[in-house]
Amino acid sequence: MLKAETPSEGLRFISPTGVLGVGFPAESFDAALRFAPDFIACDAGSADWGPYYLGAAEPWAGYHQTRRDLEILLVGARSQGIPLLIGTAGMSGANPAVDWTMKIIEDIARDRDLTFTAAKIYSEQEPDWIQSRLDSGKITALDGADALTPETIQAAHRVVAMMGPEPFHKAINMGAEVIIAGRSSDAAVFAAFPIMKGLPPEVAWHMGKIVECGSAIAPGTGECIVGEVHSDSFTVRTARESNGCTASTVATHMLYENPTPHLLREPPGVLETSYAKYVEGGDGTVNVSGATFEPRPYSVRLEGVRHDGFRSIALVGVRDPVIVNQIDLYTDGIEAMVRKAVPERFGLAGHEYSISFRRYGYDAVLGPIEPNLTKKESSCYEIGLVTECTAPSQELATEILNSALPYIMHRVQVPGSSKGANAAFPYAPTVLETGPVFRWTLWHAAQIEDPCEPFPIELVNVGAK
Amino acid sequence: MENSPVSIREATRMIRSRNAGSFLISIDFVFHNRALYEIANQMEVFDRQLIATAYALDLEDVAVIPHDPSCAIKVTIPRSVPSGDPRDTDIDSSQQYVPLLDLELPAEARSKLPANHEGTESAAI
């Protein structure tokens with residue numbers, strides 16, 4: 001239980017969980033609500049699990065996972081009459097993912113008899129808009145991505161821009177009490193409300209970065225995080241009493257998924273934390289101060305993917321030591337037979353499809369830098385072989401792989417092996433369809449004049465009869 | 001044992017590799033205490049050339065960044081292919097710390113190890 005605390009001018013928040021849909025203890029959230037929060041914010045996505053979710057506009061967390069968390073947050077926020085801000089809806093923040101999340105909000109409101117104003121903030125960008133930014137010299141490549149070209153823009157399947165806090169401000173000013181936003185800076189979802197209330201950007205942004213992943217700053221607790229933002233510092237703690245947050249665990253989060261722990265580039269500028277102080281309050285709280293924020297030309301990250309055909313895979317187990325020890329000969333042999341057969345059987349040229357192998361137990365995870373291979377210390381006795389094919393259609397990917405199964409099974413002859421069968425299939429059907437393949441092609445910063453211009457807002461009267 | 005070097009696993013409470021965006025890998029080594037962290041820094045355990053060799057990179061691609069508040073050393077390197085590329089083997093870069101597990105602190109660091117330490121904890125989600 002939280003001690004009754006004297007209300008102060010500080011702004012109080014709840015960060016319930018690192019990603020909407022991953023779950024948090026309902027009892028922890030109840031305790032967080034007793035902290036008298038001024039707002040609840042939660043991130044619902046990430047680019048870190050690859051380009052598929054943006055390409056397909058499919059969420060990672062499904063309906064039931066998402067609804068469970070969202071229902072607790074929505075009912076809690078409405079019971080207190082405080083804003084609920086959700087960023088990067090549906091994993092990618094793609095427009096259909098925003099609509100999908102709002103549909104869950106509407107389902108909950110109907111079942112729980114809630115009425116309120118919600119806002120959808122969209123973040124997808126049209127090729128013409130991106131091209132106009134490129135034409136005016138306002139786009140730069142990030143993190144070693146290739147320079148942007150008109151061809152890349154035209155070939156993109158879907159592109160989102162990462163919003164800062166201003167579209168959240170606009171939606172709140174339009175009357176929104178619940179915000180479902182497309183692609184958003186993780187920290188901005190949390191910094192938005194404090195900045196709007198006049199708290200300094202260096203405190204708001206530093207708080208946003210520290211709490212964006214929920215209980216990551218209290219490892220092993222799974223607790224909701226609560227905190228308070230003041231004009232010179234902020235505090236964080238777990239919702240229920242624990243020793244989870246320490247100066248060290250909180251400071252460690254500046255390292256998380258960040259190229260440097262000292263600088264954080266956000267749409268309106270750069271947060272610098274080199275001289276930040278993390279001080280334990282002795283009551284489970286950690287007080288953080290000392291960051292600076294330097295404004296820069298307003299800039300949003302563009303994240304975009306190209307659609308590159310469809311993939312099918314087959315899982316194959318290799319146990320014969322003679323084949324394990326000559327795995328290159330075996331996989332090269334399969335590939336050569338596929339390459340020979342495909343033009344005649346399927347009418348595809350070599351560049352129109354791919355066939356490749358992941359050799360689990362051997363080099364699948366680290367590839368050519370696998371230390372056991374470079375040191376010639378392999379003690380491998382069994383290889384999990386994932387054979388994969390990408391082709392212009394799902395049907396062709398599956399058929400090419402199906403036609404490779406006899407080569408995998410017995411057509412490739414590995415010297416010294418049994419001459420019987422080469423591999424074990426754990427599943428029938430043996431070929432599994434994994435769907436469309438996407439790759440990141442846009443990873444660029446676009447300078448913009450109006451922080452809200454690329455992010456249209458749509459109000460929804462939820463629960464209105 | 002008394003005079004043996006201290007492995008990087010023994011010296012740290014967490015070793016974590018993750019994407020830092022879709023084009024970079026960020027590897028964090030969080031030490032048990034300031035003494036071990038300072039030995040690692042002073043002895044240049046995180047030698048950039050050694051790291052470049054382990055990942056088949058050029059020296060200028062490797063950044064080694066100490067972070068005093070968390071007693072951590074961060075290594076940031078480019079990905080060989082973007083996250084989720086058809087040739088990618090590790091979409092969130094979560095096993096990419098493995099080539100650095102052979103790093104060691106000198107034997108004198110052994111006296112700085114915490115008593116009954118539990119070793120490396122798992123990374124946060």
Side-chain angles (χ1 to χ4, degrees), chain A residues 17-19 22 46-52 55 142-145 213-217 219-220 247-262 273-274 276-278 301 303 305 308 311 354 356 358 363-371 374 388 390 437-441 443, chain B residues 13-14 16-34 53-57 61 63 65-96 98-102 121-125:
Chain A
T17 182
V19 183
V22 89
S46 171
D48 287 323
W49 285 7
Y52 175 83
L142 294 171
D143 302 337
C213 209
S215 68
I217 57 170
S248 170
T249 63
V250 172
T252 299
H253 198 66
M254 283 310 297
L255 299 159
Y256 191 60
E257 293 175 342
N258 200 358
T260 155
H262 302 298
T273 63
S274 303
K277 289 192 165 53
Y278 303 82
R301 183 159 87 197
E303 298 176 353
V305 297
D308 253 358
R311 179 190 292 123
S354 73
S356 56
R358 296 176 188 271
D363 65 349
V365 177
L366 294 178
I369 61 164
E370 169 55 53
T374 51
E388 58 184 63
T390 58
V437 177
F438 297 97
R439 19 175 137 195
W440 293 118
T441 48
W443 197 262
Chain B
R13 68 171 174 85
M14 179 167 68
R16 168 179 66 195
S17 58
R18 283 297 174 93
N19 290 350
S22 297
F23 289 71
L24 299 174
I25 299 172
S26 170
I27 313 170
D28 302 333
F29 296 85
V30 185
F31 290 85
H32 287 297
N33 53 47
R34 194 154 301 275
T53 305
Y55 291 92
L57 295 168
D61 289 332
I65 308 162
H67 186 233
D68 292 347
S70 59
C71 296
I73 296 175
K74 178 185 276 295
V75 175
T76 300
I77 55 175
R79 285 175 138 274
S80 58
V81 293
S83 167
D85 183 276
R87 290 161 294 169
D88 189 17
T89 62
D90 186 355
I91 282 177
D92 201 6
S93 303
S94 50
Q95 290 285 290
Q96 299 305 308
V98 171
L100 297 183
L101 289 178
D102 289 342
E121 72 190 36
S122 60
I125 49 163

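The chains referred to below are lettered A, B, ... by the order of the sequence lines, with proteins before strands, and numbering in each begins at 1. These numbers come from a predicted model, not from an experiment.
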- What residues form a salt bridge (charged side-chain N to carboxylate O under 4.0 Å, His left out) with B:D92, not counting sequence neighbours? B:R18
- Message: Please identify, among B:V75, B:V98, B:D90, B:D88, the residue contributing the most non-hydrogen atom pairs under 4.5 Å to chain A.
- Response: B:D88
- Indicate whether any N or O donor in one side chain lies under 3.5 Å from an N or O acceptor in the other, for B:S22 and A:W440. yes
Can you check whether [X] reaches [Y] side chain to side chain, under 4.5 Å on heavy atoms?
X	Y	answer
A:T252	B:R13	yes
B:P99	A:L366	yes
A:P261	B:K74	yes

- Query: At a heavy-atom separation under 4.5 Å, does B:D68 approach chain A through its side chain, its backbone, both, or neither?
  - Reply: neither
So for [X], is it side chain, backbone, both, or neither that comes closer than 4.5 Å to the heavy atoms of chain B?
X	value
A:A145	both
A:S356	neither
A:Y52	neither

- Item | Pairwise distance OH(A:Y256) to CG(B:D28) - rounded to 0.5 angstrom | 10.0 Å
- Query: When rounded to the nearest 0.5 angstrom, what is the spacing between CZ in A:R439 and OG in B:S83?
  - Reply: 12.5 Å
- Query: Just by distance, do the side chain of A:H262 and the backbone of B:P66 share a donor-acceptor pair under 3.5 Å?
  - Reply: yes
